[in-house]
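No hydrogens, no waters, no symmetry mates; every other heavy atom, side chains included, goes into these values. Both ligands and their constituent atoms are indexed starting at 1 by order of listing. Small disclaimer: the values here were computed from a predicted structure and weren't measured.
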Amino acid sequence: MAIHLLEAMSREGFEEVVALHDRRSGLRAFLAIHDSTQGPAFGGLRRWSYLDEDQALRDCLRLSRSMTYKCALADLPAGGAKLVILDRPELDLAAAYRAIGAFIERFDGRFRAGPDVGTDAEELAWVAEQTRFVARPDADGPGLLAESTCAGVFAGIAACLRHLDGEEDWRRRTIVVQGLGAIGRGLARLLLQSGAKVRASELDPEKAERVARDLELELVDPASEYDQTCDVFAPCAMGGILHDLTLTRLRCRIVAGGANNVLVRSLHGERLHERGVLYAPDFAINSGALIRGALFHLEGRREGVERIGARIGEVLGGILARARAQDLAPVRVAVDEAAARIARWRGQSDPKA
Ligand code: NAD
């Protein structure tokens, strides 16, 4: 179904959505700024082969809004944005990222960009040639962004285990990680170092073999990860993976990972709760890179990765405790808390984030 953009913007409280086309590079992209009432809107640059522009726009809107939720829960004086690039073979990458840099500069700091799927150090360096408002990948940038996300997810998993069992007891745990990119790989390493057993799936066979060899972890076929009996399923690939068909297959007690927008709809969080699976809301657990990047840009300091992890574990622990006390799905509690804070920023009495 085609998206009714203005309707969606007004329903979800978006400030601005821009479609971007650059003739020279073939760039086609969308930028959504969800909120900049408290401070700059932070968001990554995602490059992906979307089926069509409707799918890209939907992804952009959802990711942008969840960045605001992350800022609200992490208590950062900042808001959320996202820029998605429609990847195509004919795209001139260097020219496209430079065009994005010039575009970002026009916002004069209201939008600040960082890495995301498809955008890493090389691409960020092209952007940084044209704008100050990007997380530089070199020594002048915040550094350790993926590491900060991994530390947060690891601490979040620990908080979930303590919530259910009173202790982490890593040696007794099996964790299934979906995706062995920057986050899945880093998380798997932390888990293995703690003594947990890790199984992982990865779509790219060459990457799968390489990481499995380096980390000495066991691989499972992509798409069979949902059926694995384990303590924790950690989605660290793309979003939109938990829906009516996949969530009935889960054989885990906890879902907690780095991927954004894991649930197709938030009602799937309620379904998991009904089935007795603890779901750690993605925007509560995967905000490590945002915290590191935002504090660097706003306060000029590099927050320690372990402190970031501790902060995320504490926030998530609080959400889980309140969810238990109210017998609600944690995602419901997290959405309500984020929406209430955003409404306060906007001077609204009725939370409508
Ligand atoms: P990445 O591109 O480095 O890695 C993603 C990996 O997942 C790739 O290796 C890809 O081949 C694999 N993959 C894709 N679909 C898969 C599937 N169905 N099954 C198995 N493997 C699959 O990206 P990343 O930086 O590791 O990010 C992973 C997720 O975490 C994304 O959803 C991203 O938005 C989210 N996230 C990342 C950060 C960060 O700091 N990098 C911060 C917050 C959230």
Side-chain angles (χ1 to χ4, degrees), residues 42-49 59-60 62-67 69-71 73-74 80-85 87 113-124 135 137 141-154 156 176-190 199-212 215 217 219-228 233-243 245-246 255-263 280-294 296 305 308-309 312:
F42 286 85
L45 307 177
R46 173 170 292 195
R47 178 163 53 89
W48 188 251
S49 306
D59 202 31
C60 186
R62 275 198 85 185
L63 290 163
S64 164
R65 191 185 59 171
S66 57
M67 287 300 284
Y69 283 9
K70 289 187 207 190
C71 291
L73 289 185
K82 200 76 183 187
L83 192 149
V84 305
I85 302 158
D87 204 6
D116 192 31
V117 175
T119 303
D120 215 329
E122 187 178 24
E123 293 84 2
L124 288 175
L144 303 183
L145 291 174
E147 290 81 352
S148 301
T149 302
C150 294
V153 176
F154 179 75
V176 173
V177 177
Q178 182 185 47
L180 287 171
I183 304 305
R185 198 167 57 230
L187 176 65
R189 181 175 282 120
L190 293 174
R199 285 183 233 136
S201 66
E202 165 55 55
L203 277 188
D204 174 343
E206 199 192 315
K207 189 188 277 187
E209 285 304 326
R210 181 166 28 88
V211 178
L215 297 185
L217 57 75
L219 291 173
V220 297
D221 287 338
S224 79
E225 63 274 73
Y226 302 109
D227 310 310
Q228 304 283 323
F233 170 57
C236 296
M238 300 305 282
I241 55 144
L242 290 186
H243 45 71
L245 298 180
T246 46
V255 176
N260 279 306
N261 298 339
V262 169
L263 307 173
D282 44 24
F283 52 89
I285 194 173
N286 74 7
S287 55
L290 169 68
I291 295 173
R292 173 98 177 177
F296 177 74
V305 166
I308 291 173
I312 289 173

Self-check item: For Ser64, side-chain hydrogen bond (donor to acceptor under 3.5 Å, both in side chains) partners two or more places apart
Solution: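 side-chain hydrogen bond (donor to acceptor under 3.5 Å, both in side chains) list for Ser64, sorted by chain: empty.
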
In a simple table, one pair per line, please give the protein and ligand 1 atom names for every N or O pair closer than 3.5 Å, along with the distance.
residue  : atom   : partner : partner atom : Å
ligand 1 : 3 (O)  : Ala182  : N            : 3.1
ligand 1 : 9 (O)  : Glu202  : OE1          : 2.7
ligand 1 : 9 (O)  : Glu202  : OE2          : 3.1
ligand 1 : 9 (O)  : Lys207  : NZ           : 2.6
ligand 1 : 11 (O) : Glu202  : OE2          : 2.5
ligand 1 : 21 (N) : Leu203  : N            : 3.3
ligand 1 : 26 (O) : Ala182  : N            : 3.1
ligand 1 : 26 (O) : Ile183  : N            : 2.8
ligand 1 : 30 (O) : Gly258  : O            : 3.2
ligand 1 : 32 (O) : Ala237  : O            : 2.6
ligand 1 : 32 (O) : Asn260  : N            : 3.3
ligand 1 : 34 (O) : Arg46   : NH2          : 2.7
ligand 1 : 34 (O) : Asp116  : OD1          : 3.1
ligand 1 : 34 (O) : Asn260  : ND2          : 2.8
ligand 1 : 40 (O) : Thr149  : OG1          : 2.8

Quiz item: Residues in side-chain contact (heavy atoms from CB on, under 4.5 Å) with Leu203, at least two apart?
Solution: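 By the side-chain contact (heavy atoms from CB on, under 4.5 Å) rule, Leu203 matches Pro222.
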
Quiz item: In this structure, are over 12 heavy atoms from other groups packed under 6.0 Å from Arg62 atom CZ?
Solution: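 It does: Arg62 CZ has more than 12 such atoms within range.
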
Practice problem: Say whether, by atom type as modelled, one donor and one acceptor occur between the side chain of Glu225 and the main chain of Ala223 under 3.5 angstrom. | Solution: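 Such a contact is found between Glu225 side chain and Ala223 backbone.
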
Exercise. Specify the closest pair of heavy atoms between Ala135 and Leu145, including all atoms of both residues, with the distance to one decimal.
Key: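 Between these two residues, the closest heavy atoms are CB-CD1, 4.1 Å.
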
Quiz prompt | Phe296: ring pair (Phe, Tyr, Trp, His ring centres under 6.0 Å) partners, not counting sequence neighbours | solution =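 Partners of Phe296 under the ring pair (Phe, Tyr, Trp, His ring centres under 6.0 Å) test: none.
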
